Undergrad: 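A single structure is presented below for examination.
A note on names: the letters A, B, ... follow the listed sequences, proteins ahead of strands, and every chain is numbered from 1. Since the structure is predicted, the reported quantities are computational estimates derived from the model, not experimental observations.
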Amino acid sequence: MVDVMSHLVRRRKDHTLEAPFYTDPDIFDVDMDVIFGRHWLFVGVEPDVAEPGDVMVVDVGKNSVLILRDDDEEVRAFHNVCRHRGARLVHEEKGTVGNIMCRYHSWVYNTEGELIHAEHMGEDFDKSCHGLKPVHIRSLEGLLFICLADDPPDDFDAMAEIMGPYISPHNIRETKVAYQHDLIEPGNWKLTMENNRECYHCGANHPELTVPLFAYGFGFAPEELSAEERDHADKYAATLTDNHKEWEAMGLPSREVDRLDDMVTAFRAERLPLAGAGESHTIDTRRACRKLLGNLTNAKAGGLHFWTQPNSWHHLLGDHAVVFSVLPLDAEHSLLRTKWLVHKDAVEGVDYDLDNLIGVWMATNQQDSDLVGYCQQGVRSDGYIPGPYSPHTEMLVEKFSNWYVERMKSHLSESRSVA
Amino acid sequence: MVDVMSHLVRRRKDHTLEAPFYTDPDIFDVDMDVIFGRHWLFVGVEPDVAEPGDVMVVDVGKNSVLILRDDDEEVRAFHNVCRHRGARLVHEEKGTVGNIMCRYHSWVYNTEGELIHAEHMGEDFDKSCHGLKPVHIRSLEGLLFICLADDPPDDFDAMAEIMGPYISPHNIRETKVAYQHDLIEPGNWKLTMENNRECYHCGANHPELTVPLFAYGFGFAPEELSAEERDHADKYAATLTDNHKEWEAMGLPSREVDRLDDMVTAFRAERLPLAGAGESHTIDTRRACRKLLGNLTNAKAGGLHFWTQPNSWHHLLGDHAVVFSVLPLDAEHSLLRTKWLVHKDAVEGVDYDLDNLIGVWMATNQQDSDLVGYCQQGVRSDGYIPGPYSPHTEMLVEKFSNWYVERMKSHLSESRSVA
Amino acid sequence: MVDVMSHLVRRRKDHTLEAPFYTDPDIFDVDMDVIFGRHWLFVGVEPDVAEPGDVMVVDVGKNSVLILRDDDEEVRAFHNVCRHRGARLVHEEKGTVGNIMCRYHSWVYNTEGELIHAEHMGEDFDKSCHGLKPVHIRSLEGLLFICLADDPPDDFDAMAEIMGPYISPHNIRETKVAYQHDLIEPGNWKLTMENNRECYHCGANHPELTVPLFAYGFGFAPEELSAEERDHADKYAATLTDNHKEWEAMGLPSREVDRLDDMVTAFRAERLPLAGAGESHTIDTRRACRKLLGNLTNAKAGGLHFWTQPNSWHHLLGDHAVVFSVLPLDAEHSLLRTKWLVHKDAVEGVDYDLDNLIGVWMATNQQDSDLVGYCQQGVRSDGYIPGPYSPHTEMLVEKFSNWYVERMKSHLSESRSVA
């Protein structure tokens, strides 16, 4: 097996990782253990399980997690595994249950995870020792995060305290999932995340997304600008300051918070202005949904970018929200799950046109998936050498990579000292 | 590599195995070496190679075995590999040959496995050193078992002596294969075997099979029965005793023989009454074939259950027999091969309707395959913990698991003391 | 991991290799490192990149190599990997470029491999340190060979000096690729090569190829010949001597050169007479293309067999040439790439009929692929034992196997003494 620690230690700052981090199945297993097994993962939204008895299944590597709303309206998560012979309990991604019955030998669990019925087990059998194995779950204003470890990172509350006021005006709990799309990207999950952490590639690759997004919002090299471009950049900077003030006056926290590499539960947020009509991530830059989110009365709420590590990003707009989670499949494939949320009372065909709602990000996701695939093909090669990140437009990729390296080092040195 | 022995030693009695036994490719390789490489495997029936020159190919893991009836009517088995450049010799599952010619360089072997022709090999070449490599094969009243090891377990005769009288009245040698079906189950071979070793799951999953089968025949928890159910159970017990006496008077040994975990060549048999009309494993419980097996004159011969370890079970009825073999494909996939046998003179469409003959077990196999798949998905998970077997209806699963653990321990400690 | 060296050391001379050399993924990785990573590989012909800006992509294992003709008409090779984030640069097998632009962040390289444009990288960034990583490439009279190692074997020139005069009359540089076919053979690359290194199997398997080819050209067992066959063999030997004299008088070197196991860059060549009309590898043995190659004026130029190790063979005829390269995919699959070359001015439908041109080798390749697959299936088996090569018709297979074993030993003992 590859010596992960020595690769981590010799990692060259401000450069992409060495090839095995993107290709080696053994390092993938360590990633799943350390990163996806011991950090908070974004997996969905409360509206996925809106009513008591609603269940959603999320597969994280070899683990299948059952997320449900119990009879007291509390959202809970359990391993989706029967305690008798190990059968998977729920097979559909979404459904509604009274209790949860295993199809194999009809063991029955209630929505609190307690085993309430099991035949033939004899008089010495103690049902109370055979409840479903719980999984930690937290809701950040309706965004659901799980942690598979027994002891989750303890800074979730710190993130929630900062991010709550940013997210709450969009009132995720009062939305519905208008559409969900699963895309299997042909690359390691870190390539998917790195792709998301910069917009250096946007101009050449995202003709739809760059209609509502200002390129300057994601950095630039000042020395490369013409006088005219410098003028635009200055104007953008002024607009940004003005907008932040206006939005915060409206009760919409907007200024950048960047905790991408100094927290275990790492995140970043900023509310950015939109181009054109300035309303939404649509090809005509106007709102896609007539009903606005939460108590918003003005569609021109900009776009709140909210990123978490290891596996999510979110665009919270005035009229809708798009939330993305990355679920690794193997060293060279990752699932990107995208959900488009609109106000729960919005009616398709009346308040929004679905194609218009999802168009920009359906196109953008596919473009990004292609780029991720090109990198996956390239990093396998003996011709691949870790390359330099741009100091102007890839500094947040560096933060992601640095966070990853530090988290891995921390857990691996911990296990060493234990062993 | 996982430490198999330590997993074996710490196995918790009366509980399912730890996850790696169902999922780990290294343990799968040990299974193929120890269990499938050194025990007697059921692979087919003499009617598969009814006439001299008939050949059948059975793949066991990476090995391909040629089973044929030679010119003196003896059934023989060889590795299906040319001794020249290693080409596979026979490519179809069934066929008829005069001699066996390799397609690559036309080396020719006779049905005794001797190399009888090879061009260009020079004057020093000794054909007698290049015959096909034989594989041990035995027939138990027409049921064919092979062993890939040089020294097979020596208790095959002990099993044959006990089981011969049970099987011979059904005269397998005078049957024909009316239908054969290969089903790839999405699970480890042990999950397929464990599924077969209990009927706790039958009530909830096998609507067809539970028409001819009495549920009480596979155990129950006495303390859970209502007064009425206890009455039914008592009646069933009385019927069983009566039937055993009647059948044995007709020359049909019937009483339970259980050697599932105290022999290397482990087996179990019992003749059980059938429900309804009491004739066969059909949806109307009547015989599927007008011509009865062997010299039987009464279709109400019950159902002889005959199980062997590691890989088979059989239902020998008055009018037909169904024989099942499990051939592992990889840690998470297994081939279930089912053959339906009727009297060799029975004519399809006249003596039997094929859909009626195979209906119950075609449905049952698929239902079992689904259940095996649910378990395979579940045991991968960190949420899986070995679960308890029912003391009333899963005691034979425990015997299978115990046999497996003991066989593995025995061979692995042997190789250790050798090494 | 399997101990490769001990398998190499105990290899039995004049016998096929032990099973792991054909099946083990770890040995496959060593093959890719030692054999395909450090030897000259045939990958195509100069006409594949006829004009400045023409590019061809060849994948060798996990490496993707960009072969192009630069603006000064020099043929160059580079790793097909961007020096920024590692993206694959060129995605089509063939194309034409001005410069090479990465799609991800628009870095631009010229055809000399220099990085000429990269935005956002800051003022300290040195473009001259981020050019494409070169790959060694050599042309042997138009046949292109690459070597992925930093220090390629130094005997390429020695081969070129000997083989130049054999190949040059066919003037490969003045041909075009009339057709190219990729066939994935279901076997280890060594089985594909071994299959090519003998014609013992031709009589029974290649009904098309044996029309133009004389069987005697590939050896025979003299003691097995009838008086009549001996007479034919004697006549063939006389014809061969006469033809060699005639062809050499025409300026066509013809006599056998066999350096298959005494050079690092191993090869063999011989010009052999053709049967029937004696013109070409066609089913009617007549030329497939009216325009002859190079300055040839007589189609009866025989067939120049040119083999290289590890991965090619070539048939250079009077009217066309067929060139074959083997590119391993995994331990059990190999890509056979075949190109049919005709004079660059030849016009399809006028000078040649494509089906006629490619018919014999399209059929022959598929037949060989089937045979390779039979061997791959067989060598997996415990029934496989390395078998003897014919001393009369498989001595060149022995040379291939011996070369392979010696090359592996040499590199593995080198790395040991280094480590």
Undergrad: Just wondering, do C:P388 and B:M121 contact through their side chains at under 4.5 Å, heavy atoms?
TA: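 Yes - at least one pair of side-chain heavy atoms lies under 4.5 Å apart.
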Undergrad: Between C:F220 and B:H120, is the ring centroid distance below 6.0 Å?
TA: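 Between C:F220 and B:H120, the centre distance exceeds or equals 6.0 Å.
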Undergrad: Enter the distance from B:K62:NZ to C:T23:OG1 here, rounded to the nearest 0.5 Å.
TA: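 Rounded to the nearest 0.5 Å, the NZ-OG1 separation comes out at 7.5 Å.
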Undergrad: Could you check whether atom CD of C:E223 has more than 12 heavy atoms from other residues, nucleotides or ligands sitting under 6.0 Å from it?
TA: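 Atom CD in C:E223 is crowded, with more than 12 foreign heavy atoms closer than 6.0 Å.
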Undergrad: How about B:I116: does its CD1 atom have over 12 heavy atoms from other parts shown lying under 6.0 Å from it?
TA: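 Buried by this count: over 12 neighbours within 6.0 Å.
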Undergrad: In terms of heavy-atom proximity below 4.5 Å to chain C, should B:F125 be classed as side chain, backbone, both, or neither?
TA: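 The answer is the side chain of B:F125.
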Undergrad: Compare all side-chain heavy atoms of B:E119 with those of C:H392 and state whether any distance is below 4.5 angstrom.
TA: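 B:E119 vs C:H392: side chains apart.
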Undergrad: Spell out, as yes or no, whether a donor-acceptor pair under 3.5 Å connects the side chain of C:D382 to the backbone of B:N63.
TA: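 Flag not set: sc C:D382 to bb B:N63 has no pair under 3.5 Å.
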Undergrad: Could you tell me if the side chain of B:L89 sits less than 4.5 Å from the side chain of C:Y374, heavy atoms only?
TA: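 C:Y374 vs B:L89: side chains apart.
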Undergrad: Taking C-beta and beyond as the side chain, do B:R85 and C:E394 meet within less than 4.5 Å on heavy atoms?
TA: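 Yes, side chains in contact.
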Undergrad: Roughly how far, to the nearest 0.5 Å, is CD1 of C:I385 from SG of B:C82?
TA: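 These two atoms lie 11.0 Å from each other.
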Undergrad: Based on non-hydrogen pairs under 4.5 Å, which of C:A221, C:G387, C:S381 is most in contact with chain B?
TA: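 Most heavy-atom pairs under 4.5 Å with chain B: C:S381.
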Undergrad: Do B:H91 and C:Q377 pass the side chain to side chain contact (heavy atoms under 4.5 Å, CB included) test, and can you show the C-alpha distance, the side-chain angles, and the key distance before you say yes or no?
TA: CA-CA 10 Å; B:H91 300 272; C:Q377 292 177 303; 3.9 Å; yes
Undergrad: Verify the ring-centre separation between B:H105 and C:Y389: is it less than 6.0 angstrom?
TA: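 C:Y389 vs B:H105: aromatic centres not under 6.0 Å.
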Undergrad: Which bit of C:E198 is near chain B, if near means a heavy-atom gap under 4.5 Å: side chain, backbone, both or neither?
TA: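 Contact with chain B: side chain only.
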Undergrad: Quick one, C:N195 with B:Y104, criterion side chain to side chain donor-acceptor pair (under 3.5 Å). Give me CA distance, side-chain angles, the key distance, then yes/no.
TA: CA-CA 10 Å; C:N195 171 273; B:Y104 206 165; 3.0 Å; yes
Undergrad: More than 12 non-hydrogen atoms from neighbouring residues, nucleotides or ligands closer than 6.0 Å to CG on B:D126, yes or no?
TA: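 Yes, CG of B:D126 has more than 12 neighbouring heavy atoms, counting only those of other groups under 6.0 Å.
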Undergrad: Give, as side chain, backbone, both or neither, the part of C:E224 having an atom under 4.5 angstrom from any heavy atom of chain B.
TA: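 Contact with chain B: side chain only.
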Undergrad: NE2 of C:H201 to OG of B:S106: how many Å apart, nearest 0.5 Å?
TA: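 So the NE2 of C:H201 and the OG of B:S106 are separated by 11.0 Å.
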Undergrad: Measuring heavy-atom distances to chain B, does C:Q367 have an atom under 4.5 Å in its side chain, in its backbone, in both, or in neither?
TA: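 No part of it gets close to chain B.
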